[in-house]
*Asks:* 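Attaching a single structure in structure tokens format; questions to follow.
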Amino acid sequence: MADQHDARTDPPPADELALLRHANPVPAGDPYFQDGPLGHEAERRLNHLLHGEHPGRRTRHVRRWVWSLAATAAVAAVALALLLSGPTTTPAVAAPRPLEIESGSSPVPLDRLADRAAAADSSPRLRQGTHVQSWSMGMTSGPESRPPITLPEERIVRWKADGSHTELVVATDPRHPGRPVITDADGTPRTVEDGHVLSRTAYPPSWSDAPPQAPPPHTAARLRAYLDEIDTTETDTTEAMKTPELLDAMHELLDHWTLGARENAVLVRVLADAKGLRPAGAVTDRLGRPGQAYVYDDKDHFSRRMLILDPATGAVLGLEDTVTRDDPEYGVKAGDVMSYSAWMR
């Protein structure tokens, strides 16, 4: 009986192999695939892909807490080195305690603070770029998951007149929060001796007229529309932006711009109209600055968000997220700080 033969095991003919090897679905000279600036709609869709919410409350609840895989990988070596720094050394990676409202302090309503901000000195001015220290909880789930740890970083973004910008990211030591980044004689920023530089990147010139790269407007109505355009989580454009989305959009704005006195006043006016954002009293932020705290209890996501504003100028000093319910899957307990950002000039 002749051997049975399966043609599927034969290699393709030589001419077919040559065709496959030379196949190029994206020719270098094709103008359709050339690099170029994104249009307004394309940029909105890209932001939606990068930052948009997926369906389901559980996914939205976790998104604010969990770092991206890229960010986690970037700090993994630093975190391990800090954790294994020696048996007599206090671990440098440790979750911060929630900020506490000062006992007996008087809460300042947001509309009153907006009036203060509007009457404040007109300086400083708006500046593109940001200087922010942040803490974000890195978590894993499952029976063999490790305890969650907070990984701190400091990020400085500076723009130049030609539209190019630089970004410096440093893993900071949580035992010494608020240590400044110093500048060399040639203008190059560098950290103090216990900082670990994660990345130093220079970006070519780029421009966009879409938020948050476009300058923020100077009226409450236009700024509200600007922030609503940043928010890509709401599919119904006729529905008013909710307070959690407003705070997320504000966060995105402050990661691109250092607001001036005029912009601070307008932003506080917008925040004064946010539902559920209640004055809580005086607080000292993680950089030792006095502030007024405003709290939003996000019952849908079992979290509490504390916004900290400068009591004189209305400038946003910080935003803290804490969990309000135990979550054994991720090893977090009620009261754990999930993230914190502190913005500086």
Side-chain angles (χ1 to χ4, degrees), residues 31 34-47 50-51 70-71 74 117-118 120-134 153-170 172 178-192 195 197-220 222-230 232 249-268 270 287 310 313-318 341-345:
Q34 294 293 313
D35 291 335
L38 293 176
H40 181 68
E41 182 62 24
E43 187 165 278
R44 279 182 57 85
R45 292 186 179 185
L46 176 61
N47 285 332
L50 294 176
H51 308 293
D121 185 10
S122 59
S123 60
R125 302 291 184 180
L126 176 70
R127 184 178 69 208
Q128 192 171 18
T130 189
H131 184 181
V132 57
Q133 285 197 11
S134 61
E153 71 170 25
E154 183 170 356
R155 187 166 61 92
I156 305 163
V157 179
R158 293 288 180 259
W159 285 76
K160 300 178 182 179
D162 65 355
S164 63
H165 68 281
T166 60
E167 181 183 66
L168 174 67
V169 182
V170 178
T172 56
R179 284 198 174 180
V181 170
I182 60 178
T183 302
D184 292 331
D186 62 355
T188 302
R190 64 182 178 88
T191 58
V192 291
V197 175
L198 297 177
S199 65
R200 191 191 303 268
T201 312
Y203 294 91
S206 64
W207 297 270
S208 173
D209 61 354
Q213 284 189 260
H218 292 145
T219 67
R222 291 176 60 196
L223 181 59
R224 190 177 294 107
Y226 175 102
L227 294 171
D228 191 42
E229 192 168 352
I230 293 177
T232 60
M250 178 206 73
H251 195 295
E252 190 75 8
L253 167 63
L254 296 176
D255 279 349
H256 285 78
W257 295 89
T258 300
L259 303 187
R262 189 177 180 184
E263 292 79 19
N264 286 330
V266 176
L267 178 57
V268 179
V270 172
L287 305 184
D310 186 294
T313 67
V316 178
L317 302 180
S341 293
W343 289 276
M344 298 163 277
R345 286 202 67 85

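Fair warning: this is a prediction, and the values are worked out from it, not measured in the lab. For the numbers below, each heavy atom of this structure counts, side chains included, while hydrogens, waters and symmetry mates do not.
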*Asks:* What heavy-atom pair brings Leu168 and Val170 nearest, and what distance separates the two atoms?
*Replies:* CG-CG2, 3.9 Å
*Asks:* For a 4.5 angstrom cut-off between non-hydrogen side-chain atoms, does Thr201 reach Val169?
*Replies:* no
*Asks:* To the nearest 0.5 Å, what is the distance between CG (Leu254) and NE2 (His131)?
*Replies:* 14.0 Å
*Asks:* Kindly write out the residues that satisfy side-chain hydrogen bond (donor to acceptor under 3.5 Å, both in side chains) with His251, not counting sequence neighbours, or none if the list is empty.
*Replies:* Asp255, Ser341
*Asks:* If you look at every heavy atom in Leu227 and Ala249, which pair is closest and at what distance?
*Replies:* O-CB, 3.4 Å
*Asks:* Considering only heavy atoms from C-beta outward, does the side chain of Ser164 approach that of Pro204 to under 4.5 Å?
*Replies:* no
*Asks:* Could you give the distance from CG (Leu198) to CD (Glu154), rounded to the nearest 0.5 Å?
*Replies:* 11.0 Å
*Asks:* Once side-chain contact (heavy atoms from CB on, under 4.5 Å) is applied, do any residues pair with Thr219, and if so which ones, sequence neighbours excluded?
*Replies:* Arg222
*Asks:* Provide the closest heavy-atom pair for Pro216 versus Leu223 in the form atom of the first, atom of the second, distance.
*Replies:* CB-CD1, 4.1 Å
*Asks:* Kindly indicate whether the side chain of Thr166, heavy atoms from C-beta on, has any atom under 4.5 Å from the side chain of Arg200.
*Replies:* no
*Asks:* Is it true that a side-chain atom of Gln213 and a backbone atom of Ala210 form a donor plus acceptor pair closer than 3.5 Å?
*Replies:* no
*Asks:* Can you list everything that forms a side-chain hydrogen bond (donor to acceptor under 3.5 Å, both in side chains) with Ser199? Sequence neighbours excluded, please.
*Replies:* none
*Asks:* Would you mind reporting whether His165 and Arg158 have side-chain heavy atoms less than 4.5 Å apart?
*Replies:* no
*Asks:* Using distance only, find each side-chain donor-acceptor pair of residues 121-129 under 3.5 Å and give its atom names and separation, not counting sequence neighbours.
*Replies:*
{"from": "Asp121", "atom 1": "OD2", "to": "Ser123", "atom 2": "OG", "distance (Å)": "2.9"}

*Asks:* In the structure I gave you, are the side-chain heavy atoms of Pro215 and Tyr226 within less than 4.5 Å of one another anywhere?
*Replies:* no
*Asks:* Return the OG1 to CD distance between Thr130 and Glu167, rounded to the nearest 0.5 Å.
*Replies:* 10.0 Å
*Asks:* Determine whether Trp343 and Thr258 make a side-chain contact, defined as any pair of heavy atoms from C-beta on separated by less than 4.5 Å.
*Replies:* no
*Asks:* Using side-chain hydrogen bond (donor to acceptor under 3.5 Å, both in side chains) as the criterion, list what pairs up with Trp257, not counting sequence neighbours.
*Replies:* none
*Asks:* Who pairs with Arg224 by salt bridge (charged side-chain N to carboxylate O under 4.0 Å, His left out), at least two apart in sequence or on another chain?
*Replies:* Asp273
*Asks:* Taking atom CG of Leu317 and atom CG of Leu287, what is their separation to the nearest 0.5 Å?
*Replies:* 8.5 Å
*Asks:* Using the test side-chain contact (heavy atoms from CB on, under 4.5 Å), find all partners of Asn264 that sit at least two apart in sequence or belong to another chain.
*Replies:* Leu259, Ala315
